[in-house]
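Since the structure is predicted, the reported quantities are computational estimates derived from the model, not experimental observations.
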Amino acid sequence: MESNIQNRTLIAVGKDGENYEFQVKNSYEFSTKGQKLKVEIIEEADGFLFFACEGVRYPVEIVSVRQNTYEVMVNGVSYTFTIETPFSLKRRQILAANRPVSDTEELHAPMPGKIVSVAVEVGQEVNPGDTLLVLEAMKMQNTLMASSKGVVTSVKVKPGLSVGKDDLLVEIKKA
């Protein structure tokens with residue numbers, strides 16, 4: 001299986017479409033932007049998982065894996081990305097270009113948790129970075145913010161409500 005990934009170019013695509021191209025020499029040697037990196041995944045005897053890059057260790061939890069989509073939590077921050085080949089990325093871009101453009105932004109729960117507070121109401125105008133609500137997950141409070149300017153058209157949650165991953169929380173009509 002290791003031979004499948006040797007000397008391949010892959011692209012990590014973030015949730016917002018940002019691309020990070022990297023080359024895989026073997027299971028531990030990667031390079032990006034001409035810089036070589038030594039990367040390791042270390043599982044401790046107690047079951048904790050660490051990602052080490054150039055000797056710096058980061059606690060990591062693999063939250064979910066669906067086909068080529070990964071959600072990982074590093075230092076308590078959740079990251080969702082896909083791993084693509086150059087061909088699959090091009091295909092994905094063509095499909096996205098032909099998808100109808102929506103004027104509604106949907107905020108979904110990034111992880112299961114409990115709604116601590118809701119800072120918006122239907123009809124309220126919001127700007128990028130405005131707090132929409134606070135979600136408590138794994139004893140940490142996560143502030144979820146608007147990513148675009150618009151008007152809140154629907155608030156699906158209230159304080160004290162438990163939500164699952166990907167549950168719809170708030171809808172915003174983009175301005």
Side-chain angles (χ1 to χ4, degrees), residues 1-93 95-96 105-117 129 131-147 156-157 159-170:
M1 180 160 154
E2 191 172 299
S3 62
N4 290 357
I5 63 168
Q6 288 186 351
N7 297 315
R8 287 188 62 188
T9 297
L10 297 173
I11 301 133
V13 181
K15 191 174 177 180
D16 295 325
E18 63 278 8
N19 296 342
Y20 303 94
E21 184 174 305
F22 60 98
Q23 287 72 42
V24 181
K25 182 175 179 184
N26 58 45
S27 295
Y28 299 103
E29 294 179 50
F30 295 77
S31 63
T32 182
K33 298 180 183 174
Q35 179 183 9
K36 291 182 181 181
L37 301 171
K38 183 176 183 207
V39 175
E40 295 180 84
I41 301 292
I42 304 162
E43 186 171 359
E44 298 286 334
D46 58 8
F48 285 100
L49 199 60
F50 292 89
F51 169 80
C53 183
E54 296 300 314
V56 179
R57 292 168 48 123
Y58 303 92
V60 65
E61 176 184 351
I62 299 171
V63 178
S64 68
V65 178
R66 288 183 305 278
Q67 294 181 355
N68 65 331
T69 301
Y70 299 84
E71 180 181 0
V72 297
M73 189 156 312
V74 180
N75 283 334
V77 179
S78 177
Y79 299 93
T80 302
F81 57 92
T82 63
I83 300 294
E84 306 284 348
T85 64
F87 175 78
S88 68
L89 178 60
K90 186 69 174 168
R91 179 179 180 274
R92 178 183 173 149
Q93 290 168 336
L95 290 173
E105 176 186 342
E106 295 181 339
L107 175 66
H108 293 266
M111 63 193 82
K114 186 175 186 178
I115 303 298
V116 174
S117 64
T131 298
L132 300 175
L133 55 90
V134 176
L135 173 71
E136 184 177 291
M138 297 183 293
K139 299 185 182 185
M140 292 181 61
Q141 291 194 356
N142 303 281
T143 302
L144 303 182
M145 296 176 268
S147 62
K156 304 288 187 181
V157 293
L161 183 68
S162 292
V163 296
K165 180 176 172 18
D166 294 327
D167 284 356
L168 180 60
L169 307 174
V170 176

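- Put simply, CG on Leu132 and CG on Leu169 are 9.0 Å apart, with the number rounded to the nearest 0.5 Å.
- Leu161 CG: more than 12 foreign heavy atoms inside a 6.0 Å radius.
- Side chain of Asn68 to main chain of Thr82: no donor-acceptor pair is present (N/O by atom type, distance under 3.5 Å, no hydrogens or angles).
- Atom CD of Glu54 is separated from atom CD of Gln35 by 7.0 Å, given to the nearest 0.5 angstrom.
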>> side-chain contact (heavy atoms from CB on, under 4.5 Å), that's the test. Do Leu10 and Thr85 meet it? Break it down for me.
In response: CA-CA 5 Å; Leu10 297 173; Thr85 64; 4.1 Å; yes
> Given the rule in the side-chain contact (heavy atoms from CB on, under 4.5 Å) test, do Met111 and Val63 qualify, once you have shown the distances and angles that lead to the verdict?
Replying inline: CA-CA 9 Å; Met111 63 193 82; Val63 178; over 6 Å; no
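- Side chains of Val134 and Leu144 form no contact here, defined as non-hydrogen atoms less than 4.5 Å apart.
- Nearest heavy-atom pair across Ser147 and Glu105 is OG-OE2, 2.7 Å.
- Within a 6.0 Å radius of NZ in Lys114, no more than 12 heavy atoms belonging to other residues, nucleotides or ligands are found.
- Scanning both residues, Tyr20 and Phe22, for their nearest heavy atoms gives O-CD2, 3.5 Å.
- Proximity of Leu49 to Ile42: side-chain heavy atoms (C-beta onward) are nowhere separated by under 4.5 Å.
- Remark: Glu71 CD to Asp166 CG distance equals 8.0 Å, nearest 0.5 Å.
- Pairing each heavy atom of Cys53 with each of Val39, the nearest pair is SG-CG2, 4.3 Å.
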> Would Met138 and Glu61 satisfy side-chain contact (heavy atoms from CB on, under 4.5 Å), going step by step from the backbone distance to the final call?
Replying inline: CA-CA 12 Å; Met138 297 183 293; Glu61 176 184 351; 4.2 Å; yes
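- For the pair Ser117 and Thr131, the minimum side-chain heavy-atom distance is 4.5 Å or more.
- In this structure, the separation between OG1 on Thr69 and CD1 on Ile83 is 9.5 Å, given to the nearest 0.5 Å.
- Here Thr9 contributes atom OG1 and Glu21 contributes atom CD; the two are 5.5 Å apart, rounded to the nearest 0.5 Å.
- Considering only heavy atoms from C-beta on, Phe51 comes within 4.5 Å of Ile41 through its side chain.
- Heavy atoms only, all atoms of each residue included: Lys165 and Ser64 are closest at CE-OG, 4.2 Å.
- The environment of CZ in Arg91 is sparse: at most 12 heavy-atom neighbours from other residues, nucleotides or ligands sit within 6.0 Å.
- To the nearest 0.5 Å, the span separating CD on Glu136 from CD on Gln141 amounts to 5.5 Å.
- Here the closest heavy-atom approach between residue Pro112 and residue Ala137 is recorded as O-CB, 3.3 Å.
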